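Working notes for the structure below.
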2 protein chains.
Amino acid sequence: MVDKEKSKGRGRPRAFDRDRALDQAQALFHAQGYEGIGVAALAQAMGVNPPSLYAAFGSKAQLFEEVLERYARSALPVDTLLAEGAEPVAALTALLRVAAAIYTADPQAPGCLVLEGARGADPDAALRARVWREASAARIAAFVAHTHAGKAATVADYMVSIMSGLSADARAGHDVARLTAVADMAALALQEMLTKAG
Amino acid sequence: MVDKEKSKGRGRPRAFDRDRALDQAQALFHAQGYEGIGVAALAQAMGVNPPSLYAAFGSKAQLFEEVLERYARSALPVDTLLAEGAEPVAALTALLRVAAAIYTADPQAPGCLVLEGARGADPDAALRARVWREASAARIAAFVAHTHAGKAATVADYMVSIMSGLSADARAGHDVARLTAVADMAALALQEMLTKAG
DNA sequence: CTAAATTTGTAATGATCGCTATATAAATGA
DNA sequence: TCATTTATATAGCGATCATTACAAATTTAG
């Protein structure tokens, strides 16, 4: 019984582009964090008044959830990098290096929106972000399990932990070279873990 | 010309224990984050009214700074673990394992107060926490430089990044076993980095 | 042309934010 | 004793928080 957006209904038509509004919200959430940006500032950047924001998205937390989903689905090319037949060490190393690049690509939106959101003080926002954090861990674990079933959980934990550290580095202002150096060093552990017996 | 606390002065004596008040503040900041706890709640937990808090500590940000310093000096036994003659791989591995244990020791205060504070949305608090984050990186870099001067900066970056990831894991609710598994896997990269030529 | 439906902008809600003006209480120094 | 100094508690400051009443505007259905 939840109303979904119908392309054409009866009343007054919406005066703003929902996707463009979400783009603006994503930029602000990424730059300032969930708690660092207020609804008034969000609404202004989205070119909308607060009541329209609430009518369209429900609440600040629900807006954040929609932004998180868009980001999680598009930020990292996980499905491309972790294709079924890919060599595990190379694929995971590539994922870390791409993360290092993407986390530093936009100086005004450093780090990973999901991983940073998962650490926020607001329990509602953190919970919603953690859903995607865990989804990413599960995605990596499934990939690793194809070749190293017994190590999948630990390797996935390790990957998410490394990416969380890279995200924090990016937010601390480190540049792509420093992030990449850390990513490459982290890859040494992948090599050891996945190519030696144990 | 900054007034320092004198053990005895003229006026009415302070009615609370400054150190115990800082303990309470540290517990709340650690549990809820700088932005997650308000001055009113801090004052109540410290057994003090807001004006006394401001008279004793200056501001919320300055109180946080004092808490950070206490925490940074006492949370991890860095000076013991990174003693001058210690073997680098073993010492740094031990530091990661101790961090994993400490970050999960108190379920109500998971993670590292400094590393989590350095990530907050409040620029004032984040800046003050980043001072200690960088101090830790410098401390580790100096230790590594004794034996591997050319790799000190990258290894220090790596260590801080790993610890930041472990702190995020702790805040996500992972237990000490999962954190330790990640720490041990991260140690494989230390072994590779510091015992092979390059 | 009218009624129902939906979005719009204006303006305000109560709550909480960090912080402080004010007056009183309690200590010391003269 | 009495002025000075410092800490105390009460109470409230303006600002901002997420959220929403409300009425005017704009659409389609009948």
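In the text below, chain A, chain B and the rest are named by the order of the sequence lines, each starting its count at 1. In this text, all values refer to a predicted model and were calculated from it rather than measured experimentally.
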Of all pairs that satisfy side chain to side chain donor-acceptor pair (under 3.5 Å), the ones with a partner from residues 98-120 of chain B, not counting sequence neighbours: Glu116(A)-Arg119(B), Arg119(A)-Glu116(B), Glu116(B)-Ser167(B)
Between P of dT19(D) and CG of Leu42(A), the distance in whole Å: 11 Å
Residues, nucleotides or ligands: over 12 heavy atoms within 6.0 Å of Arg97(A) CZ: no
Sugar-phosphate, base or nothing in reach of Leu53(A), heavy atoms under 4.0 Å: nothing
Phosphate OP1/OP2 of dT7(C): any Ser52(A) side-chain N/O under 4.0 Å: no
5' priority, DNA chain C, between Glu35(B) and Arg12(B) [closest heavy atom]: Glu35(B)
Given dG9(C), dG29(C), dC19(C), the nucleotide with the shortest approach to the side chain of Ser59(B): dC19(C)
Nucleotide nearest Tyr54(A) when distance is taken to its side chain, options dT19(D), dA27(C), dT8(C): dT19(D)
Close side-chain approach of Phe29(A) to Lys60(A), heavy-atom, < 4.5 Å: yes
Candidates dT20(C), dT19(D), dT28(C) - which lies nearest the side chain of Pro51(B): dT20(C)
Rounded distance (Å) that lies between atom P of dG18(C) and atom CG of Leu63(B): 11 Å
Nearest-neighbour nucleotide for the Pro50(B) side chain, dA18(D), dT8(C), dT20(C) considered: dT20(C)
Options dT10(D), dT27(D), dT19(D), nucleotide nearest the side-chain atoms of Val39(A): dT19(D)
Interatomic distance where CZ belongs to Phe64(B) and P belongs to dC19(C) [whole Å]: 14 Å
Ionic contact status for Glu66(A) with Arg18(A), cut-off 4.0 Å: yes
Sugar-phosphate, base or nothing in reach of Ala55(B), heavy atoms under 4.0 Å: nothing
Interatomic distance where CD belongs to Gln62(A) and C1' belongs to dT19(D) [whole Å]: 13 Å
Rounded distance (Å) that lies between atom C1' of dT10(C) and atom CD of Gln44(A): 15 Å
Whole-Å distance separating the CZ atom of Arg10(B) from the P atom of dT8(D): 18 Å
Atom CZ of Arg171(B): over 12 foreign heavy atoms under 6.0 Å: yes
Euclidean distance, atom CZ of residue Arg14(B) to atom C1' of dT5(D) [Å, nearest integer]: 14 Å
Protein-nucleotide distance (Asn49(B), atom CG; dA7(D), atom P), rounded to Å: 14 Å
